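Scroll down for the structure; my scribbles are underneath it.
First listed ligand is number 1; within each ligand, the first listed atom is number 1. Model, not experiment: these values are computed from the prediction.
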Amino acid sequence: MEFITNAPQTNANVENEGVKNYDPELARDVLAGLTQTPKSLSSKYFYDGAGSKLFQQIMELPEYYPTRTEFKILEEQQAEIAGFFGLTDFFHLVELGAGDGLKTKILLRQLLHMKADFEYVPVDISGDILKQLESSLQTELPALRTESFAGDYFKALHWLQHNKEGRKVVLFLGSNIGNFEDNGDLEFLQEIRKYLKPEDKVLVGFDLRKDPRTIRQAYDDAAGVTAAFNLNLLKRLNRELGADFNLKQFEHFTDYDPLEGVVKSYLVSKKQQTVTFSALNHRVSFAAWEAIHTENSHKYTPAQIEELGKKAGLKSEQFFTDEKHYFADVLFRVM
Ligand code: AVJ
């Protein structure tokens, strides 16, 4: 069925006609996601330069409790946490999804203070944010040995396997573990586990279950920063794939399901419309109120975390949490 309206169905966008060099992996993922039902786009593509900046703004929002809570956990329990890393011999401190490193610097300072013998290996999907991190580390912690890797987690694990073979402590903070689909969290921990030896450790940040309203608000802030972050994905596709998404014709929508423990975020098409990807010679049609799924954010119970670890061959040694039990950094050892 089609609704006939007077509104133009496509939006010619002169600016984007010249996209010639595009990332083939991005193009393949986007076309696959937008030609399936329901439509989806991977949340890993949020983090271009503008998206990384918007995420930094999200972390400052009054509604967005995870970063602030984890920061406090690390700050108040840094010595105890670092003690669990085993400081008698050299290790690679590998951080997956390092971002701006604001929280990690607490641990880095503590480890330097304790005279630990280690090298910091930050990994992030955003090369921009890594450059920013490297230069800030150079000025703030000049004694630190660092080698960074830009790329997604799976490419990173492959690179690490061949380049960082010594003892390891892997950091996966910020509840990035919550971003996977279905069993992706377990599968990813299993991937990490394959790379580890018996003496290695993993510290993972989990957002815990809490009042569903608190969770929902964290992903739908009053100032609209999260909405801008979600919509920026379409801006990126306009720029990088020559698409002509009209951002005014899509809206950010998010909801938390307390049974599943998952926040799901969407971009909803406000009308029937067609979007043209000029660089790809491809068109995608949207029905009125059709949604693109853009992100999952899982919230965990402590029992789920232990079970998840067990299935991945990791034993939870210690839970570091805040007084409200909003968030937990969990230290695992290899089973
Ligand atoms: C970066 C994955 C931890 O899921 O809380 C924040 C991303 N999305 N607001 C999260 C995000 C919308 C964030 N992580």
Side-chain angles (χ1 to χ4, degrees), residues 40-71 73-74 95-104 122-126 128-130 133 152-153 156 171-182 184-185 188-189 203-236 250-257 260-268 291-300 305 322 326-330:
S40 71
L41 290 169
S42 168
S43 60
K44 77 176 179 188
Y45 293 122
F46 281 143
Y47 303 93
D48 64 351
S52 297
K53 287 217 177 71
L54 285 163
F55 182 60
Q56 283 178 297
Q57 285 180 43
I58 287 175
M59 293 191 287
E60 303 273 319
L61 292 168
E63 296 96 333
Y64 194 74
Y65 61 82
T67 309
R68 196 171 303 119
T69 310
E70 188 178 37
F71 190 94
I73 293 169
L74 296 176
E95 179 166 28
L96 302 171
D100 64 10
L102 202 67
K103 287 167 292 180
T104 316
V123 167
D124 205 274
I125 184 95
S126 165
D128 284 350
I129 206 89
L130 271 184
L133 174 60
D152 72 26
Y153 299 141
L171 303 178
F172 193 39
L173 305 178
S175 83
N176 288 326
I177 183 100
N179 257 191
F180 295 100
E181 301 291 316
D182 309 316
D185 47 5
F188 187 63
L189 286 182
L203 184 69
V204 185
F206 292 91
D207 196 11
L208 302 179
R209 300 223 184 170
K210 59 188 64 61
D211 185 337
R213 286 181 181 80
T214 306
I215 294 175
R216 190 172 56 193
Q217 278 170 22
Y219 293 86
D220 203 9
D221 64 282
V225 182
T226 308
F229 173 71
N230 200 2
L231 283 159
N232 178 62
L233 191 48
L234 302 183
K235 237 193 221 174
R236 176 176 189 177
F250 286 85
E251 70 178 15
H252 165 72
F253 178 76
T254 185
D255 211 358
Y256 175 64
D257 177 350
E260 262 194 278
V262 184
V263 177
K264 291 188 184 173
S265 298
Y266 309 89
L267 289 163
V268 181
I292 311 170
H293 177 223
T294 55
E295 190 178 40
N296 276 351
S297 257
H298 287 255
K299 310 301 163 190
Y300 297 83
I305 294 170
D322 56 293
Y326 268 22
F327 199 96
D329 281 310
V330 180

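Of the possible polar contacts, one joining the Asn179 side chain to the Asn296 backbone as a donor-acceptor pair under 3.5 Å is found.
Between Phe206 and Phe327, a ring centre-to-centre spacing not shorter than 6.0 Å is recorded. Note: Phe188 and Phe180 meet the aromatic proximity criterion, with ring centroids under 6.0 Å apart. Taking the six-membered ring where the residue is Trp, the centroids of Tyr266 and Phe250 are separated by 6.0 Å or more.
Side-chain contact, Asp128 with Ser52: no donor N or O sits under 3.5 Å from an acceptor N or O.
In this structure, ligand 1 sits under 4.0 Å from heavy atoms belonging to Tyr47, Phe55, Ile58, Tyr64, Gly174, Ser175, Asn176, Asn179, Tyr219, Thr226, Phe229, Glu295, Ser297.
With sequence neighbours excluded, no residue forms a side chain to side chain donor-acceptor pair (under 3.5 Å) with Asp124.
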